[in-house]
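Just the heavy atoms: all of them, side chains too, but no hydrogens, waters or symmetry mates, feed the values below. Throughout, a chain's letter reflects where its sequence line sits, starting with A, and its residues are numbered from 1.
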There are 2 protein chains.
Amino acid sequence: MHKEHSLTKNQQIIFDLIDKSTEPLKAYSILFNVQKKGIKAPLQVYRALDKLVEIGKIHKIESRNAFIACHNSRCQVAKATAFSICEICEKVTEISSAGLSKYLANFKDKDGMKYSKYNLEFFGLCKKCR
Amino acid sequence: MHKEHSLTKNQQIIFDLIDKSTEPLKAYSILFNVQKKGIKAPLQVYRALDKLVEIGKIHKIESRNAFIACHNSRCQVAKATAFSICEICEKVTEISSAGLSKYLANFKDKDGMKYSKYNLEFFGLCKKCR
DNA sequence: TTAGTTATTGTTATAATATAACATTGTGTA
DNA sequence: TACACAATGTTATATTATAACAATAACTAA
């Protein structure tokens, strides 16, 4: 019996916050913002974040230790992610390019490594900051 | 007058350690290993790491908070990095593929963002762990 | 060479990010 | 109901990284 991932209370609170945000959020900034909703401890935040990442509702921007909601509608599991990051204003955008994802999904290195997942972060200047 | 980046004492000690290592090293593991050489504080390690990353002698594996020596002979500045990471044994290898680097260096997203740098991390199982 | 400048170092303290361990509560299901 | 399992709550602590400032070394130009 298949079941959509319905979020639990804490997961929903934290997802809503991230989803509303226009910028990536850091764990302790999330914690600060949900304390009035009864989430008091870092672990409660990290557990929800872990789960949300696992089911693909959010992504972690590794170079920034921050989290953004997935805006790639078909992305149910986080196995192929690409972002652009502005080095001045820190704006982060999820890249949705069929060509890019096809190229990377098919990429094989010479060691014969089989890849099940990748994360790509581009850095540069966004239109506004250029 | 051009000058090769000659490393300072601390930078050299820390680079040697990373360069000899067969696996990525974490900052506090580095600290532990160089204490007998007189490097006593985290900041001394982080400062050397920052500089070594800046001049391209080492790379940071963002998803692991760990550092490896650059084995891409021509890589003097860290602006285009790609790694494969085994999710079981945690072996990390720098990918050196002309095709890949060319594809990514030329990649332009639809927002017209101009990229000056990227970091790509592939995850999967290495030959041994498959 | 000497002063000015800049990079590097040393040091203490602290900030920011993340997990361990364990008791408790809720939720779905047989 | 009772079992299994996921999620929660809580305290403590581990891990990763930087702030602030004083001291020293290295480079540059008059």
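- Counting to the nearest Å, the P atom of dA6(D) and the CD atom of Q11(A) are 12 Å from each other.
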In residues 40-47 of chain A, what donor-acceptor pairs under 3.5 Å come from side-chain atoms, sequence neighbours left out?
from, atom 1, to, atom 2, distance (Å)
Q44(A), OE1, K40(A), N, 2.9
Q44(A), OE1, A41(A), N, 2.9

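- Residue E23(B) comes nearest to I68(B) through the heavy atom pair C-CG2, 4.5 Å, listed as atom of the first residue, atom of the second, then distance.
- Atoms CD1 (I14(B)) and P (dT8(C)) sit 13 Å apart, rounded to a whole Å.
- With hydrogens and angles disregarded, a donor-acceptor distance shorter than 3.5 Å links the side chain of S101(B) to the backbone of S97(B).
- The CD atom of Q12(B) sits 11 Å away from the P atom of dT9(C) (whole-angstrom rounding).
- For the pair R47(B) CZ and dT12(C) P, the interatomic distance rounds to 13 Å; values are reported in whole Å.
- Side-chain atoms of E94(B) come within 3.5 Å of backbone atoms of H71(B) as a donor-acceptor pair (strictly under, hydrogens ignored).
- Between I13(A) atom CD1 and dA7(D) atom P there is a gap of 15 Å when expressed in whole angstrom units.
- Relative ring orientation between Y118(A) and F122(B) is described as perpendicular, the plane-to-plane angle rising above 60° on a 0-90° scale split at 30° and 60°.
- One finds no side-chain N or O of N10(B) lying less than 4.0 angstrom from the OP1 or OP2 phosphate oxygen of dT8(C).
- Nucleotide dG10(C) holds its P atom 18 Å from the OH atom of Y46(B), rounded to whole Å.
- Each end of the helix from dT1(C)-dA30(D) to dA30(C)-dT1(D) gets its own rotation axis from five pairs of C1' atoms, and the angle between them is 40° to the nearest 10 degrees.
- A sub-4.0 Å separation between OP1 or OP2 of dA18(C) and a side-chain N or O of K60(A) is present.
- In this structure, N65(B) does not reach the dT15(D) phosphate: none of its side-chain N or O atoms is under 4.0 Å from OP1 or OP2.
- Minimum interatomic distance between S6(A) and Q11(A) (heavy atoms only, all atoms of both residues): O-OE1, 4.5 Å.
- Residue T8(B) places at least one side-chain N or O under 4.0 Å from the OP1 or OP2 atom of dT9(C).
- We find that CG of L7(B) is positioned 17 Å from P of dA7(C), with the value rounded to whole Å.
- How far CG of L52(A) is from SG of C70(A): 11.5 Å, rounded to the nearest 0.5 Å.
- Per the geometry, CG belonging to L52(A) stands 10 Å off P belonging to dT8(D), to the nearest Å.
- Distance alone, capped at 3.5 Å, places no donor-acceptor pair between the D19(B) side chain and the F15(B) backbone.
- Note on I85(A) and L125(A): separate hydrophobic clusters, where clusters join Ile, Leu, Val, Met, Phe, Trp and Tyr whose side-chain heavy atoms are under 4.5 Å apart, directly or indirectly.
- Residues from residues 18-44 of chain A lying near DNA chain C, meaning a heavy-atom separation below 4.0 Å, are K26(A), Y28(A), L43(A) in numerical order.
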